[in-house]
Amino acid sequence: MFSSLDKMIRLWIVALQFSELIVSSIVHMLYGFYIFSTAVAGDLSQALNELLSKPNMNIEVKEEVVPRDTSTNEILPPIVLVHGIFGFGKGRLGALSYFAGAEKKDERVLVPDLGSLTSIYDRARELFYYLKGGRVDYGEEHSKACGHSQFGRLYEQGSGFPHSFFSLLLFDENCLCCKPHSHSKFLMVCCNWDVGHYPEWDEDHPIHFVGHSAGAQVVRVLQQMLADKAFKGYESTNENWVLSLTSLSGAFNGTTRTYLDGMQPEDGRTMKPICLLQLCRIGVIIYDWLDIPWLKAYYNFGFDHFNISWKKVGVWGLVDCLLGNSGPFASDDWILPDLTIQGSLRLNSHLHSFPNTYYFSYATKRTKKILGVTVPSSIFGIHPLLFIRVLQMSQWRHPPDVSSPYKGYRDEDWQDNDGALNTISMTHPLIPVEHPSRFVKDDSDCHPLQPGIWYYKIVEADHIFFIVNRERAGVQFDLIYDSIFERCRKHVFRKTPQTLPNETHH
């Protein structure tokens, strides 16, 4: 009798898990399709308006050299916005903005497009060459160990900020700054796409970074690489090239969601045989193998350096990737192993907070405690994509038969979350060693600022509250980003306060 009851319970649990997998897969696919179709519809509408408003006009565009405004360009450091997992930079998904238009709040903002699923290490390398220029070098030893090409995309040595990027617009063949994509007359690619976007970057010309989610950890790894002089041919790099790092829901200490999505809690490296991540893995491999040029120009997972296109590996190469024998998922060189608690611990073990860099963190939370039980704090205030995960993460318990991911781990510390990351992970680096930090309720409480300390505050929001859809955040959107940009421009400096345009210091 007890044996039959035990079997029924097991079958019921399996049925529930399978149902949850189906629901989660459908919700994620629908949201992805919504984002993609929204971007396409917006660009098609813009292209149609261009066509109808100027049906018989021959536009002649002359090349114009715009003199650099030294009061702005030479004094103000750029602010670089770094996207998170499944994210995209300026130039992907047409006119859609990952940071929901926040980049328009300052004239010196860059939004690089990095691999959306590539590892923290690979993305840090890509970010360096995006800014400095040159061909991305992932490092010989790393590339051999992970089974991909050592070199990636080329950013020609250039200067200044590119004025336009990839857009789904009608191509004007008279334009001197834009060239058609070879596969479609509707694709326009700016000739400034593949340039170093801030080649003067050095200790005397440092940068402000703002990272969302995994993007914040990418900047930390990049800063450590600069301190370690890890870029061949650039022996003068150091940690002072980074003036400040501001984190929006930053993934510093990993997340228990990775285990809910399919990573094994035993090692934080491998995936369960049947899970959401396995479905994602199959979809990404097929997407990259098909290698449809116009589609990959619109959105790219960032695995081009693994060379899994059908043109290079054929059908058997696809089979090999699907079986897990080759490709990006055959090693730890993709984003999810870096986001487990164990993976974050491995990264953090050699990452430092530096005494001349300013650190700020906005940790998000969509949970509350009722009678000592952690539950979602809202039904309508949490995005449908994240609601189930907020509930699951608030009830997460590390398997009792598996060793704890680090000494001192407690389930209750990891229950508050925003649907993607645990709040404890977002405040400041904690494992394996806690970095100096200070909790802030109001921004004015931390002035004058001190470098080397993580100033953090807790924001009631889910993980995607401040990206993609500006209307969701409402007035909070402007409050958060205005405070970030104002801090970068008025309160963070090394020697003397920066002189803003039309402003002098006495």
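When only modelled atom types and interatomic distance are considered, Gln415 and Asn422 share no side-chain donor-acceptor pair under 3.5 Å. With 3.5 Å as the limit, one finds a donor-acceptor pair spanning the side chains of Asp411 and Tyr409. Gln217 and Arg220 form a side-chain donor-acceptor contact under 3.5 Å, judged by distance and modelled atom types alone. A donor atom on one side chain and an acceptor atom on the other are not found under 3.5 Å apart for Asn348 and His435. No side-chain donor-acceptor contact under 3.5 Å links Gln450 and Tyr455. Between His352 and Glu239, the side chains place no donor N or O within less than 3.5 Å of an acceptor N or O (distance only, hydrogens not considered). Inspection of the Trp454 and Thr427 side chains reveals no N or O donor paired with an N or O acceptor under 3.5 Å. Side-chain atoms of Asp416 and Thr367 form a donor-acceptor pair, as typed in the model, at a separation below 3.5 Å. Side chains of Ser361 and His428: a donor-acceptor N/O pair is absent below 3.5 angstrom, by distance only. A donor atom on one side chain and an acceptor atom on the other are not found under 3.5 Å apart for Gln395 and Thr374. Asn253 and Ser344 share no donor-acceptor pair across their side chains, judged by distance under 3.5 Å alone. Residues Ser213 and His463 have side chains that bring a donor and an acceptor to within less than 3.5 angstrom of each other. Side-chain contact annotation: Thr364 with Ser249, donor-acceptor N/O pair under 3.5 Å present.
With a 4.5 Å cut-off on side-chain heavy atoms, Phe128 and Leu222 count as touching. Annotation: side chain of Phe303 is in contact with side chain of Thr118 (closest heavy-atom distance under 4.5 Å). Within the 4.5 Å cutoff, the side chain of His212 has heavy atoms near those of the Tyr98 side chain. Contact annotation: the side chain of Phe329 never approaches that of Leu277 to less than 4.5 Å [non-hydrogen atoms, C-beta and beyond]. The side-chain heavy atoms of Leu110 and Leu81, taken from C-beta on, include no pair separated by under 4.5 Å. Counting heavy atoms from C-beta outward, Ser247 and Met426 have side chains that stay 4.5 Å or more apart.
Cation-pi geometry between Arg92 and Tyr298 is not met at under 6.0 angstrom from the ring centre and within 45 degrees of the axis.
Across every non-hydrogen atom of Leu430 and Ile424, the tightest pair is CD1-O, 3.2 Å. Scanning both residues, Gln264 and Pro273, for their nearest heavy atoms gives NE2-CD, 4.4 Å. Shortest non-hydrogen contact noted between Gln223 and Thr357 is NE2-OG1, 2.8 Å. Closest heavy-atom contact between Leu345 and Pro405: CD1-O, 3.8 Å. Contact record, Gly89 with His83: N-CD2, 3.7 Å, taken as the closest heavy-atom pair.
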- Message: Between Thr423 and Asn417, is the side chain to side chain donor-acceptor pair (under 3.5 Å) condition met? List the steps.
- Response: CA-CA 5 Å; Thr423 305; Asn417 69 89; over 6 Å; no

- Query: Could you walk me through whether Tyr31 and His383 pass the ring pair (Phe, Tyr, Trp, His ring centres under 6.0 Å) check?
  - Reply: CA-CA 10 Å; Tyr31 184 68; His383 195 281; 4.8 Å; yes

- Phe36 and Tyr299: ring pair (Phe, Tyr, Trp, His ring centres under 6.0 Å), yes or no, with the steps? CA-CA 9 Å; Phe36 192 87; Tyr299 185 82; 7.6 Å; no

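Around atom NZ of Lys272, more than 12 heavy atoms belonging to other residues, nucleotides or ligands sit under 6.0 Å away. Within a 6.0 Å sphere centred on CG of Leu290, heavy atoms belonging to other residues, nucleotides or ligands number more than 12.
A salt bridge links Arg472 with Asp462; the closest basic N to acidic carboxylate O contact falls under 4.0 Å. Using a cutoff of 4.0 Å between basic side-chain nitrogens and carboxylate oxygens, Asp304 and Lys296 are scored as salt-bridged. Salt bridge absent: Asp113 and Lys90 never bring a charged side-chain N and a carboxylate O closer than 4.0 Å. Between Asp418 and Arg366, no side-chain nitrogen of the basic residue sits less than 4.0 Å from a carboxylate oxygen of the acidic one, so the salt-bridge criterion is not met. Salt-bridge annotation for Arg346 and Asp338: absent, with no side-chain N of the basic residue lying under 4.0 Å from a carboxylate O of the acidic one.
Separating the CD atom in Gln392 from the CZ atom in Phe387 is a distance of 11.0 Å, to the nearest 0.5 Å. Between the CG atom in Asp106 and the CG atom in Leu76 there is a gap of 7.0 Å [rounded to 0.5 Å]. Interatomic distance, Ile335 CD1 to Phe301 CZ, rounded to the nearest 0.5 Å: 13.5 Å.
Taking the salt bridge (charged side-chain N to carboxylate O under 4.0 Å, His left out) definition, one finds that Glu412 meets it with Arg410, sequence neighbours left out. By the salt bridge (charged side-chain N to carboxylate O under 4.0 Å, His left out) test, Arg389 pairs with Glu20, Asp261, sequence neighbours left out.
Taking the ring centroids of Tyr155 and Tyr130, they lie under the 6.0 Å cut-off. Taking the six-membered ring for Trp, Trp414 and Trp396 have ring centres at least 6.0 Å apart.
Among Ser244, Pro78, Cys488, the single residue meeting the side chain to side chain contact (heavy atoms under 4.5 Å, CB included) criterion with Ile207 is Pro78.
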